[in-house]
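Only one structure is covered here, and it is reproduced in the block below.
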Amino acid sequence: MSKTIAIIGAGMAGLSCAMKLKARGLNPVLFDKGRGPGGRMATRRAHIGTGEASFDHGAQYFTARDPRFAKAVEGWRSAGYAAPWPAAGEDAYVGTPGMNAPIKQMAQFFNIVWGKRIDGVLHDEHTWHLRAGDTIFRAQQLVCAIPAEQAAELLEREAPDFAAQATAVQSKPCWALMARFADRLDLADTFRGEAVAWAARNSAKPGRGEGEDWVIHASPEWSAEHLELDKDTAAPKLLAAFFAEAGITLQQPLHSDAHRWRYAMVGKADGAAALWDPQLALGVCGDWLAGPRVENAFLSGLELAALMTE
Ligand code: FAD
């Protein structure tokens with residue numbers, strides 16, 4: 001009988017690992033603290049008046065340079081889960097109708113326990129015990145596909161070497177503002193400033209709605225400086241910085257919300273793209289091992305599945 005495998009984290013890395021394990025006849029179970037599919041490729045929906053808006057408040061677009069990822073993107077594209085978005089670059093793609101669409105597509109093949117934060121792991125001779133509050137899940141092999149800071153904490157006791165590698169990584173934060181305006185802003189679909197590292201007319205992405213919806217990302221420096229503000233204080237500050245840098249008259253949004261990504265982006269990675277300890281039956285993957293993009297997270301997951309099954 002094949003071994004039972006638990007994957008903590010159903011973002012791009014965890015799911016690409018799961019897809020490859022499945023292609024090799026294995027059937028992992030995934031756990032994710034989020035309420036639904038996305039991870040950092042998240043899409044937030046909001047009710048505004050009688051209508052609905054959606055905002056991609058994490059990753060904005062992805063590129064596909066490695067042929068293995070390009071093949072996956074082509075599959076999503078032909079099935080309607082992704083489309084090119086030239087406003088972000090000639091080789092840029094977005095999920096459709098939201099950034100989380102490729103994650104949703106992959107998630108449908110697996111048993112995923114959503115809304116469960118794994119807060120401790122223990123390994124005895126043949127079994128991993130995963131604790132989520134009062135509930136314990138068991139598996140013979142464990143994959144940790146979560147951001148570095150969270151992996152460091154979770155693995156500190158059972159895998160100090162892997163935890164030390166994760167501790168060495170420092171992710172940069174990002175405050176994200178999601179806003180709908182009544183009137184069209186006199187700007188192109190994307191904007192880059194200083195305090196505002198990136199802003200995009202979300203509604204200009206393929207397959208979105210009609211409203212004048214923007215996602216505004218603060219730079220890592222601005223985000224770090226304002227990290228501990230509550231979102232209702234951070235939002236108007238970031239809004240003011242956006243209008244000042246864009247050089248247009250401030251328009252109060254009809255709707256606005258902010259999200260603080262504490263661990264948004266990692267730096268360049270130069271070691272192994274995934275880690276596997278056959279004695280412990282423990283694997284680790286994620287963008288922090290492979291590089292700061294969606295594509296890197298995907299490749300890290302693939303790499304880990306190859307190590308586990310070779
Ligand atoms: P994640 O997507 O973070 O997935 C990890 C999952 O683990 C999450 O779903 C989380 O809920 C879950 N989790 C964490 N801890 C636990 C726990 N203890 N128990 C259970 N579940 C847990 N990349 C690009 O290519 N282009 C961009 O334009 C871009 N812009 C970005 C902008 C922002 C604001 C952010 C935040 C990221 C951006 N990125 C971008 C980076 C990209 O989103 C990531 O590299 C990629 O999504 C990482 O995938 P992952 O699977 O490694 O991690």
Side-chain angles (χ1 to χ4, degrees), residues 8-9 11 13 32-36 38-46 53-60 99-100 115-120 132-133 144-156 163-181 191-200 202 213-246 250-269 286-288 292-294 297:
I8 307 173
D32 199 293
K33 67 183 168 67
R35 273 173 296 168
R40 275 172 282 162
M41 291 174 71
T43 301
R44 173 89 55 94
R45 299 200 186 280
S54 80
F55 300 93
D56 303 322
H57 61 303
Q60 293 297 294
M99 197 62 182
N100 65 350
K116 281 270 184 245
R117 184 183 191 282
I118 303 298
D119 44 37
C144 208
I146 62 181
E149 286 79 355
Q150 291 159 342
E153 208 183 311
L154 206 58
L155 298 178
E156 196 178 10
Q165 288 194 53
T167 305
V169 175
Q170 272 202 337
S171 311
K172 294 188 172 128
C174 177
W175 266 112
L177 178 65
M178 297 154 264
R180 167 166 291 184
F181 300 99
F191 170 81
R192 288 173 205 265
E194 275 183 36
V196 174
W198 163 272
N202 203 87
D213 297 335
W214 282 76
V215 170
I216 299 159
H217 281 167
S219 67
E221 296 73 26
W222 194 99
S223 302
E225 199 181 314
H226 298 86
L227 195 62
E228 300 309 335
L229 293 184
D230 61 65
K231 65 178 186 167
D232 295 333
T233 313
K237 281 186 189 293
L238 184 50
L239 187 74
F242 169 57
F243 280 99
E245 291 188 349
L250 195 146
Q251 193 187 135
Q252 286 303 337
L254 294 173
H255 161 92
S256 98
D257 195 5
H259 180 83
R260 172 181 44 210
W261 295 100
R262 262 187 203 280
Y263 310 119
M265 299 278 267
V266 289
K268 257 188 155 175
D287 62 348
W288 60 274
R293 286 187 298 270
V294 168

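This is a predicted model, so every value here is computed, not measured.
Partners of Thr43 by side-chain hydrogen bond (donor to acceptor under 3.5 Å, both in side chains), not counting sequence neighbours, listed by chain and number: Asp56, Asn100. Residues passing the salt bridge (charged side-chain N to carboxylate O under 4.0 Å, His left out) test with Arg293: none are found, sequence neighbours excluded. For Phe242, the ring pair (Phe, Tyr, Trp, His ring centres under 6.0 Å) partners at least two apart in sequence or on another chain are Phe191, Trp214. With sequence neighbours excluded, no residue forms a side-chain hydrogen bond (donor to acceptor under 3.5 Å, both in side chains) with Asn202. Checked against side chain to side chain contact (heavy atoms under 4.5 Å, CB included), Ala269 has no partners two or more places apart in sequence or in another chain. Applying the ring pair (Phe, Tyr, Trp, His ring centres under 6.0 Å) test to His226 and every residue at least two apart in sequence or in another chain returns Trp222. Under the side-chain hydrogen bond (donor to acceptor under 3.5 Å, both in side chains) criterion, Glu149 pairs with Ser171, sequence neighbours left out. For Arg192, there are no salt bridge (charged side-chain N to carboxylate O under 4.0 Å, His left out) partners, not counting sequence neighbours. In this structure, Gln252 has no side-chain hydrogen bond (donor to acceptor under 3.5 Å, both in side chains) partners at least two apart in sequence or on a different chain.
Thr167 and Ala152 make their closest contact through OG1-CB, 3.5 Å (heavy atoms, listed as atom of the first residue, atom of the second, distance). Looking at every heavy atom in both residues, Ala151 comes nearest to Trp288 through CB-CZ2, 4.2 Å. Heavy-atom minimum distance, Pro292 versus Gly267: CD-O, 3.7 Å. When all heavy atoms are compared, the tightest approach of Gly133 to Asp119 is N-OD2, 3.3 Å. Between Ala199 and Ile216, the shortest heavy-atom contact is CB-CG1, 4.0 Å. Scanning both residues, Ala132 and Lys116, for their nearest heavy atoms gives CB-CD, 3.7 Å.
Rounding to the nearest 0.5 Å gives a distance of 5.0 Å between CG of Leu154 and CD1 of Ile8. Atom CZ of Phe55 sits about 14.5 Å away from atom NE2 of His259, to the nearest 0.5 Å. We find the CD1-NZ distance between Ile118 and Lys33 to be 12.0 Å, quoted to the nearest 0.5 Å. Summarising the geometry, atom CH2 belonging to Trp198 is positioned 9.5 Å from atom NE2 belonging to His217; distances are rounded to the nearest 0.5 Å. Rounding to the nearest 0.5 angstrom, the gap separating the CG atom in Leu239 from the CG atom in Leu177 is 6.0 Å. How far OG of Ser54 is from CE of Met99: 12.0 Å, rounded to the nearest 0.5 Å.
Sorted by first and then second residue, the salt bridge (Lys or Arg N to Asp or Glu O under 4.0 Å) pairs with a member in residues 216-227 form an empty list; sequence neighbours excluded. Residue pairs meeting the salt bridge (Lys or Arg N to Asp or Glu O under 4.0 Å) criterion with at least one member in residues 165-181, sequence neighbours excluded: Arg180-Asp213. For residues 232-241, the side-chain hydrogen bond (donor to acceptor under 3.5 Å, both in side chains) pairs, not counting sequence neighbours, are Asp230-Thr233.
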Using side chain to side chain contact (heavy atoms under 4.5 Å, CB included), reason through Cys144 and Leu155 one step at a time and then give a plain yes or no. CA-CA 9 Å; Cys144 208; Leu155 298 178; 4.2 Å; yes
Run the salt bridge (Lys or Arg N to Asp or Glu O under 4.0 Å) check on Arg44 and Asp257 step by step: do they pass? CA-CA 10 Å; Arg44 173 89 55 94; Asp257 195 5; 2.9 Å; yes
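The backbone N or O of Phe181 sits nowhere less than 3.5 Å from a side-chain atom of Gln251 that would complete a donor-acceptor pair. A donor-acceptor pair under 3.5 Å is formed between the side chain of Ser223 and the backbone N or O of Trp175. Between the Gln60 side chain and the Ala200 main chain, no donor and acceptor come within less than 3.5 Å of each other.
Contact check for Pro173 versus Leu227: side-chain heavy atoms found under the 4.5 Å cut-off. The shortest distance between side-chain heavy atoms of Trp261 and Arg40 falls below 4.5 Å.
Sparse packing is recorded around CD of Glu156, with 12 or fewer heavy atoms of other residues, nucleotides or ligands lying under 6.0 Å away.
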